[in-house]
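Right, one structure below, let's go through it.
Below, read A as the first sequence line, B as the second, and so on, with proteins coming before strands; counting in each chain starts at 1.
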Amino acid sequence: MILIANTNGNPMPTIATWNVNSIKARLPAVLRWLERARPDVALLQEIKTVDDGFPEQEIGDLGYACAVHGQKTYNGVAILSRLGLEDVTRGLPGDDGDDQARYIEAVVGGTLRVASIYLPNGNPADSPKFPYKLAWMERLRAHAAGLARLDEPVVLGGDYNVCPTDGDVYDPAGWRDDALCRPDSRERFRALLHLGYTDAIAVRHPRPGVYTFWDYQGGAWQKDNGLRIDHLLLSPLAADRLEDAGVDRAPRGEPKASDHTPAWVRLREEA
DNA sequence: ATGCCTTGCGGAGCAAGA
C-alpha cells in the first residue's frame, strides 16, 4: 500500500492485523505481503512458535523491528514496526495463572500504542473453553478501559474470534450457536465499543460480507463463505485520526494461504 | 456426517482451529 502524505507532508501510518496460522509455514507469504502492502505496523497472531523460532532476521531485513510473545505449538502473537518499537508488555493482565500467549502491547512511532490480540475461540460452546473466552473478554475490557484514558491514541487489533453482527457471517442461522456468534460473545464485544472504541472496518464499510476469514474446508473461499472476526478497535484519540480502513483479500487467494486475510487502518498524522 | 483442510508434533495419528 502506498503512503499518502497529508497537508503537512507527513506520511500517514498504516496498521495492519493478520492471523497468519504459523509464521514458519507462512513466512514466504508474509514477506511478500510486507513488501507489497508495506504496512508501517503489522500485528500478527497464531505464530505458533516460541520466541527463538520467530524469523526476526528475514523480517528485520525488510526494515521491521519485532516484538514477540511466543508459545510452543499454539497461539503466539507479535508486533512488527518500522516506526520504532518501545515499551513492550507481554500478556493480558488479570489472571496470573493464564499461560496462553494471546496478547502483546507496545508503543510505535513514539506516541501510538498498539496491541496484537488473539482472543480465545471458545468452541465447543458447552465446554470450559467458552467461559475461558468470556473471562478473557472481561479482562480485555478492564484493560482496554484503562488504555482509553491515556493521552496516547490506541489501536487494539487482532483475531477477536467474534462476529459482531449477523452481517459478518455468511450463514447466520447455521452459526447462531457457535462461540463466535453467541449473544454472550457479542455482548462482550459491544462492551469494548461502549468504552468508546470504534470498529474501524465496520464504520468504514458499513455493509454485510466484509469478511476476513474463510475456512479451509468445503471450498469456503471459492464460495465466499466467510466471517468477519479480525478487527481493529480505535480509542477515541485514534478514531479522531481515522483516514481509511479495509480488508486486503489478496493473500487469502494465494497458494499455501492462511485461512485469515489482513485487515488494515490508516491514521492521519497528529495535528 | 463432530467430516470436509491445515498446522505442529514427531515420525502415526491426534489436537486444535473456527
Checklist entry - To the side chain of A:A25, which of B:dC9, B:dT7, B:dT6 is closest? => result B:dT7

Checklist entry - Rounded to whole angstroms, how far apart are NZ on A:K48 and C1' on B:dG10? => result 15 Å

Checklist outcome for this item: Rounded to whole Å, CZ of A:F213 lies from P of B:dT6 at a distance of 12 Å

Next on the checklist: Give me the distance, rounded to whole Å, that separates B:dG11 from B:dT2 when you measure between the C1' atoms they each carry.
Outcome noted: 27 Å

Item to check | Distance, P atom - from B:dG10 to B:dA15, rounded to whole angstrom | outcome: 15 Å

Next on the checklist: When you measure from the side-chain N and O atoms of A:K256 to the phosphate of B:dT7, is any distance below 4.0 Å, counting only OP1 and OP2?
Outcome noted: yes

Checklist entry - Under 4.0 Å between a side-chain N/O of A:N161 and OP1 or OP2 of B:dA18, yes or no? => result yes

Checklist entry - Closer than 4.0 Å, any side-chain N/O of A:H260 to the OP1 or OP2 of B:dA18? => result yes

Next on the checklist: Regarding A:N19, tell me which of base, sugar-phosphate or nothing describes its non-hydrogen contacts under 4.0 Å with the strands shown.
Outcome noted: sugar-phosphate

Next on the checklist: Ring of A:F130, cation from A:R182 - is the NZ or CZ under 6.0 Å from the centre and inside 45° of the axis?
Outcome noted: yes

Next on the checklist: For the C1' atoms, the ones on B:dT6 and on B:dA18, what distance do you get once it is rounded to whole angstrom?
Outcome noted: 12 Å

Next on the checklist: With a cut-off of less than 4.0 Å, is there a side-chain N or O of A:Y160 near OP1 or OP2 of B:dA18?
Outcome noted: no

Checklist entry - So does A:D51 pair up with A:K72, basic N to acidic O under 4.0 Å? => result no

Checklist entry - Which nucleotide sits closest to the side chain of A:Q217: B:dG8, B:dA18, B:dC4? => result B:dC4

Next on the checklist: Does B:dT6 have OP1 or OP2 under 4.0 Å away from a side-chain N or O of A:R26?
Outcome noted: no

Checklist entry - Roughly, in whole Å, what's the span from CZ in A:R182 to P in B:dA18? => result 17 Å

Next on the checklist: Salt bridge or not between A:R36 and A:D248? Use side-chain N to carboxylate O under 4.0 Å.
Outcome noted: yes

Checklist entry - If you check the A:K72 side chain, which of B:dA18, B:dC9, B:dT7 turns out closest? => result B:dC9

Checklist entry - Which whole-number value in Å describes the distance from A:F130 CZ to B:dA18 P? => result 15 Å

Item to check | Sugar-phosphate only, base, or nothing, as touched by A:N75 at under 4.0 Å among non-hydrogen atoms | outcome: nothing

Checklist entry - Taking 4.0 angstrom as the limit, do A:E138 and A:R141 come out as a salt bridge? => result yes

Checklist entry - Counting only heavy atoms not in A:D171, do more than 12 sit closer than 6.0 Å to its CG atom? => result yes

Checklist entry - CG of A:D178 versus P of B:dG17: gap in Å, rounded? => result 12 Å

Checklist outcome for this item: Here the distance between atom C1' of B:dT6 and atom NZ of A:K24, to the nearest Å, is 16 Å

Item to check | Euclidean distance, atom NE2 of residue A:H231 to atom C1' of B:dA18 [Å, nearest integer] | outcome: 13 Å

Checklist entry - With a non-hydrogen cut-off below 4.0 angstrom, is A:K129 in contact with a base, only sugar-phosphate, or nothing? => result sugar-phosphate

Next on the checklist: Expressed as a whole number of angstroms, how long is the span from A:D177:CG to B:dA18:C1'?
Outcome noted: 15 Å

Next on the checklist: Counting the atoms with a prime plus P, OP1 and OP2 as sugar-phosphate, which does A:D215 contact under 4.0 Å by heavy atoms, base, sugar-phosphate, or nothing?
Outcome noted: nothing

Checklist entry - Are A:L43 and A:W33 connected in the hydrophobic side-chain network, where two residues link if heavy atoms are under 4.5 Å apart? => result no

Checklist entry - What integer number of Å spans the C1' atoms of B:dA12 and B:dT7? => result 16 Å

Item to check | Spacing of the C1' atoms in B:dA16 and B:dG3 (rounded, Å) | outcome: 15 Å

Checklist outcome for this item: Per nearest nucleotide of DNA chain B, the residue lying toward the 5' end, A:A257 or A:Y74, is A:A257

